[in-house]
Each structure stands twice: as C-alpha cells, then as structure tokens.
Amino acid sequence: MEFFCYHRDRAGSAALREELLEAHWSYMDGYAKEMIARGPTFPSEGDAPSGSVHILDLPDPAAARAFAFDEPNHQAGVYRDVLLRRWRNVLGRTMWEFPGGRTGGHRYLVLGLGSGPAVDLDPPAGRDELIAYGPLLSDDGATWLGTAVLLRAPDRDAARAVLSPDGYAGVEVHDWQFGGRS
C-alpha cells in the first residue's frame, strides 16, 4: 500500500529542524527500500523549509502511522501537523527514476483536497514533467480525498494548472526539492 505523508513545520522550528537533520536522515535511511519520493517544501519566499513530503510503500495504515509519528522531527515538535493518506502511484516509478533528474528547473508539490466526485485520477498529458502523481485516498482505499503531485514547472501558476480548476475544495502549491542524502 502506498501512502502520502506531509509533515508541516511549526513556526519557529527551523533551528530544531537543523539540529535534528542527521537523526531525520538516519530515520529515513531505514525506509530507503519503501521510499517512492521525499523532500522538503519551502515557502514561496525564503530558504527555511516549511514541511517534509514522504511517499512510501508500506504494509498497512498502522505502519504508515508509525512511520509518520515516530519520525524524530515529529517527536521533537518540529511539525505542527501531519497529513497522512493512502495514495496510488499512478506513474509507477520513484522520484529517482524521474527522467529530468534531481536538479534543474522549479519543482513543486501541488496538493488538491477533494470535495465531491473524484477528478484527475489519470495524469494529464505531458507526463514528462511529473515526478510523482496520484490520488489521495481513505485508509481503505475506497474514497477519493484529493490528489498529490510532485512536478517540475516553470512557475507556481503552471504547477497549479496540472489539476482541474473546479474539482477541489482547495489547492496548495509549495516549492519542493528532492530530499535525502546526495
């Protein structure tokens, strides 16, 4: 089962996050085989991370919750909240298999929170810029709750345009970069 996990940073936690960087990476190293994508998000202006995205293939919702809530930054209070949802890897690849590589261009997390009938179950044309794409689902996988996308795009507006304009209660666009050890 695949899961999307987005830890959002608490205001003023940048120094603690930096202090725990090695503990965070060591924890993630333990999930290297399960990892589909990972990396920090950033506000539109600024260098300090605003959150962390992790997409993993884990045995069940209990394992996903353990991953999310045992994470060192979460345990220490770096994060203000956690969004954890089942997810389906529509592209069938990891971020490391993205043809565009780790660098070059602007990269974004686009998070559409659902309201109503499912939309955007299939990726849009021009998949070459998509790093990860899939629906957010309930724990049992039966109910569509939104869509999460990692992509390379020229700007925030182009990134936002990857999702249907009227299919969501809200859409967030965050600057994002490949995470993990170089």
Side-chain angles (χ1 to χ4, degrees), residues 1-111 129-134 136-137 139 147-153 156 159 172-182:
M1 293 181 184
E2 297 152 337
F3 294 88
F4 174 88
C5 181
Y6 184 34
H7 291 94
R8 297 172 195 263
D9 285 18
R10 183 175 44 83
S13 65
L16 181 57
R17 179 191 253 270
E18 183 64 31
E19 179 183 323
L20 294 169
L21 186 60
E22 182 56 38
H24 168 77
W25 281 354
S26 293
Y27 183 80
M28 293 305 153
D29 289 346
Y31 288 91
K33 291 179 185 173
E34 293 85 2
M35 202 68 66
I36 295 167
R38 68 182 282 195
T41 59
F42 298 88
S44 59
E45 308 255 339
D47 295 332
S50 59
S52 289
V53 172
H54 298 94
I55 304 173
L56 306 99
D57 190 354
L58 296 168
D60 53 46
R65 283 189 286 280
F67 166 82
F69 297 111
D70 291 345
E71 194 277 336
N73 287 344
H74 178 75
Q75 289 291 308
V78 170
Y79 304 130
R80 71 175 162 95
D81 61 48
V82 178
L83 174 64
L84 180 62
R85 296 283 186 259
R86 286 270 308 268
W87 187 77
R88 188 170 57 246
N89 188 356
V90 173
L91 300 178
R93 66 177 184 224
T94 71
M95 72 178 200
W96 297 276
E97 297 166 313
F98 170 59
R102 290 182 63 98
T103 60
H106 302 283
R107 284 127 197 273
Y108 300 95
L109 162 65
V110 180
L111 191 57
E129 299 302 310
L130 299 176
I131 299 166
Y133 186 98
L136 299 168
L137 304 166
D139 275 358
T147 306
V149 184
L150 298 172
L151 77 156
R152 180 172 59 187
R156 287 173 161 267
E172 302 173 14
V173 179
H174 304 272
D175 292 358
W176 174 82
Q177 71 182 28
F178 274 52
R181 301 179 195 273
S182 297

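FYI, the numbering just counts along the sequence from 1.
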Do L151 and Y133 have side-chain heavy atoms sitting under 4.5 Å apart?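 No, their side chains stay 4.5 Å or more apart.
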If I compare all heavy atoms of F4 with all of W87, which pair ends up nearest, and what's the gap?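 Closest pair (atom of F4, atom of W87, distance): N-CB, 3.8 Å.
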Do E172 side-chain atoms and V110 backbone N/O form a donor-acceptor pair below 3.5 Å?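 Judged by distance alone, no pair lies under 3.5 Å.
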Distance, nearest 0.5 Å, that separates CG of N73 from OH of Y79: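 Output value for this atom pair is 3.5 Å.
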Among F3, W25, F67, which one satisfies ring-ring contact (aromatic ring centres under 6.0 Å, His included) with Y31?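 Among the candidates, only F67 passes.
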So how far is it from Y108 OH to S44 OG, rounded to the nearest 0.5 Å?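 If we round to the nearest 0.5 Å, Y108:OH and S44:OG are 9.5 Å apart.
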Sequence neighbours left out, what pairs pass salt bridge (Lys or Arg N to Asp or Glu O under 4.0 Å) with at least one residue falling in residues 13-30?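 Matches after skipping sequence neighbours: D9-R17, E22-R181, D29-R181.
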Between CG on residue L136 and CZ on residue R86, distance to nearest 0.5 Å: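 Those atoms lie 12.0 Å apart.
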Considering all heavy atoms of both residues, which atom of P72 and which atom of L20 are nearest to each other, and what is their separation?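 Nearest heavy atoms, P72 then L20: O-CD1, 4.1 Å.
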To the nearest 0.5 Å, what is the distance between CD1 (I55) and CD (E34)?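 It comes to 14.5 Å.
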Taking R156 first and then D175, would you say they form a salt bridge - that is, a charged N and a carboxylate O separated by under 4.0 Å?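 Answer for the salt bridge query: yes.
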Could you tell me how the ring of F98 sits relative to the ring of F178: parallel (under 30°), tilted (30 to 60°) or perpendicular (over 60°)?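 Tilted, since the angle between the ring planes falls between 30° and 60°.
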Tell me the closest heavy-atom pair linking M1 and P61, and the distance in Å.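 So the minimum-distance heavy-atom pair works out to SD-CD, 3.8 Å.
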Smallest separation among heavy atoms of I36 and D57, with atom names: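 In terms of heavy atoms, the two residues are closest at CD1-N, 4.1 Å.
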Shortest non-hydrogen separation from S13 to V78 and the atoms involved: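 In this case the closest contact between S13 and V78 is OG-O, 3.1 Å.
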Roughly how far apart are R152 CZ and E129 CD, rounded to 0.5 Å?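 That separation rounds to 4.0 Å.
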Please test R107 against I131 for side-chain contact (heavy atoms from CB on, under 4.5 Å), starting from the C-alpha separation and ending with a verdict. CA-CA 9 Å; R107 284 127 197 273; I131 299 166; 3.8 Å; yes
Euclidean distance, E71 CD relative to S52 OG, rounded to 0.5 Å: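 Answer rounded to 0.5 Å: 7.0 Å.
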For L111 and A148, which heavy atoms make the closest approach, and how far apart are they?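 Nearest pair, atom of L111 first, then A148: CD1-CB, 4.0 Å.
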For D47, look at atom CG and say whether over 12 heavy atoms of other residues, nucleotides or ligands are found less than 6.0 Å away.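 12 or below, so no.
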Below 30° counts as parallel, above 60° as perpendicular, anything between as tilted: where do the rings of H7 and H74 land?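 If you compare the ring of H7 with that of H74, the planes turn out tilted.
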Taking side chain to side chain donor-acceptor pair (under 3.5 Å) as the test, write out the residues that go with T41, two or more places apart.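 Residues passing side chain to side chain donor-acceptor pair (under 3.5 Å) with T41: Y6, S50.
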